[in-house]
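Contents: one structure, followed by commentary.
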There are 2 protein chains.
Amino acid sequence: MGTDETSPTAHRATAQGAAVRDALTAQEGFRSAQEVYASLRADGHKIGLSTVYRHLQALTETGAADVIHNPDGETTYRFCGDTTAGHHHHLVCRSCGRAEEVAGRAVERWADEIAEKYGYTEVDHTIEVFGICHDCATAR
Amino acid sequence: MGTDETSPTAHRATAQGAAVRDALTAQEGFRSAQEVYASLRADGHKIGLSTVYRHLQALTETGAADVIHNPDGETTYRFCGDTTAGHHHHLVCRSCGRAEEVAGRAVERWADEIAEKYGYTEVDHTIEVFGICHDCATAR
DNA sequence: GCCTAATCGGGAACGATTACCGATTAGGCT
DNA sequence: AGCCTAATCGGTAATCGTTCCCGATTAGGC
């Protein structure tokens, strides 16, 4: 029912739009717009940086991609197959960029509780967990 | 106990260093380097932008200031009187910038748990809660 | 095929932050 | 008190990521 309306992304189907989505799908972890752009060019795609940003934002808006700002303040994107997944957070590997989606009902509750305790409303939050995944750890 | 070693900040006591710290202390919420710079200039201080950044970073390194990246990716600083306070998070008002320090043992535990569950080590996390404080809410 | 509007993409513009480096200044020493 | 040296300052240029602009290109309905 009321999920899909006309076309996947938005209006016209373009090669560039597909390329950006593919580039994101092709890899596990979070990647910056610049990285996506670089890898597309490396693959021989004719695409502009502006276009990459444009599509990345579009994907974000439709919920097809997750965004996080890493500790350095860089904006990174990751494909999120399940548009209906709704709210969730990430456990991101600092070394390889790979990420696990984690639900964490407990944190949501905690956030709501302290917000209420201090009388804050319209609450929202940023929660990301960074670490070194098992593979990267053993690889040392 | 073994906290303070020689002098408060680092080396020489300078007027600019004090000015930056004062500017930060003077207000409750998180403020960007640019804002601190602007308010210092507005107060008639002769200080350079580079210097503001320098001191802000110094304060951060000594733990005298907390840093967070707001959802827009801006880096903001806040004076943290208690250097021994250790790890904590913030409940920040989106409207006035004011913030409450919250401990949240529960979240720490949650973060550690999921990290362990997925086999991640050297775990660290970013947790900030944003909302509208009571004052700002009623002011509408 | 043609036409029109949406999408591209290169480069300029932008805002935040860092780097550079000569000028200034704190403060130990005499 | 005055001097000397090294640390700090601060203006400007450089960097980096991201957005804006606008003429060129292209999808796709007719």
Side-chain angles (χ1 to χ4, degrees), chain A residues 5-24 29-62 64-78 97, chain B residues 5-24 29-62 64-78 97:
Chain A
E5 311 200 345
T6 41
S7 51
T9 308
H11 269 186
R12 296 193 186 173
T14 68
Q16 291 87 344
V20 171
R21 182 152 62 237
D22 288 350
L24 223 51
F30 282 87
R31 306 208 288 157
S32 70
Q34 306 276 350
E35 286 172 333
V36 171
Y37 173 66
S39 76
L40 282 172
R41 295 299 284 226
D43 273 348
H45 282 88
K46 284 277 187 27
I47 194 171
L49 184 54
S50 325
T51 307
V52 173
Y53 273 103
R54 223 176 346 241
H55 282 285
L56 247 19
Q57 287 172 345
L59 290 172
T60 299
E61 274 159 29
T62 64
D66 291 332
V67 193
I68 67 176
H69 292 90
N70 65 25
D72 297 330
E74 271 194 321
T75 308
T76 56
Y77 307 80
R78 175 185 194 264
Chain B
E5 311 198 346
T6 42
S7 52
T9 308
H11 270 187
R12 297 191 184 173
T14 68
Q16 290 87 345
V20 171
R21 183 151 61 237
D22 288 351
L24 223 50
F30 282 86
R31 305 208 285 158
S32 70
Q34 306 277 351
E35 286 172 332
V36 171
Y37 172 67
S39 76
L40 281 172
R41 296 299 285 227
D43 272 348
H45 284 88
K46 284 279 189 25
I47 194 171
L49 184 54
S50 325
T51 307
V52 173
Y53 273 103
R54 214 166 6 230
H55 282 285
L56 248 19
Q57 286 172 345
L59 290 172
T60 300
E61 273 158 29
T62 65
D66 291 333
V67 193
I68 66 177
H69 292 89
N70 65 25
D72 298 330
E74 270 194 321
T75 308
T76 56
Y77 306 81
R78 176 182 193 265

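Convention: sequence-line order gives letters A, B, ...; per-chain numbering from 1. All heavy atoms count here, side chains included; hydrogens, waters and symmetry mates do not.
- Note on the helix from C:dG1-D:dC30 to C:dT30-D:dA1: terminal axis deviation equals 20°, with five pairs used at each end and the result rounded to 10°.
- Each of B:Glu74 and B:Ala13 lies near DNA chain C, and the nucleotide nearest B:Glu74 is the one positioned closer to the 5' end.
- Applying the 4.0 Å criterion to OP1 and OP2 of D:dT8, one finds that B:His55 has every side-chain N and O outside that range.
- If you find the closest nucleotide of DNA chain C to B:Gly73 and to A:Gln16, the one lying nearer the 5' end belongs to A:Gln16.
- The A:Arg54 side chain lies nearest to C:dG9 when the options are C:dG9, C:dT17, D:dC9.
- Here the side chain of B:Arg21 pairs no donor or acceptor atom with the backbone of B:Ala64 at under 3.5 angstrom.
- In terms of phosphate contacts, B:Ser50 brings no side-chain nitrogen or oxygen within less than 4.0 Å of OP1 or OP2 of C:dA19.
- Closest to the side chain of B:Thr51, out of C:dG9, D:dG17, D:dC9, is D:dC9.
- Shortest non-hydrogen contact noted between A:His69 and B:Asp72 is NE2-C, 4.4 Å.
- OP1 or OP2 of D:dT18 sits under 4.0 Å from a side-chain N or O of A:Thr75.
- Not a single donor-acceptor pair, N or O on each side, falls under 3.5 Å between the base of C:dG28 and the side chain of B:Arg12.
- Distances from the side chain of A:Gln57 to the nucleotides D:dT19, D:dC9, C:dT17 place D:dT19 closest.
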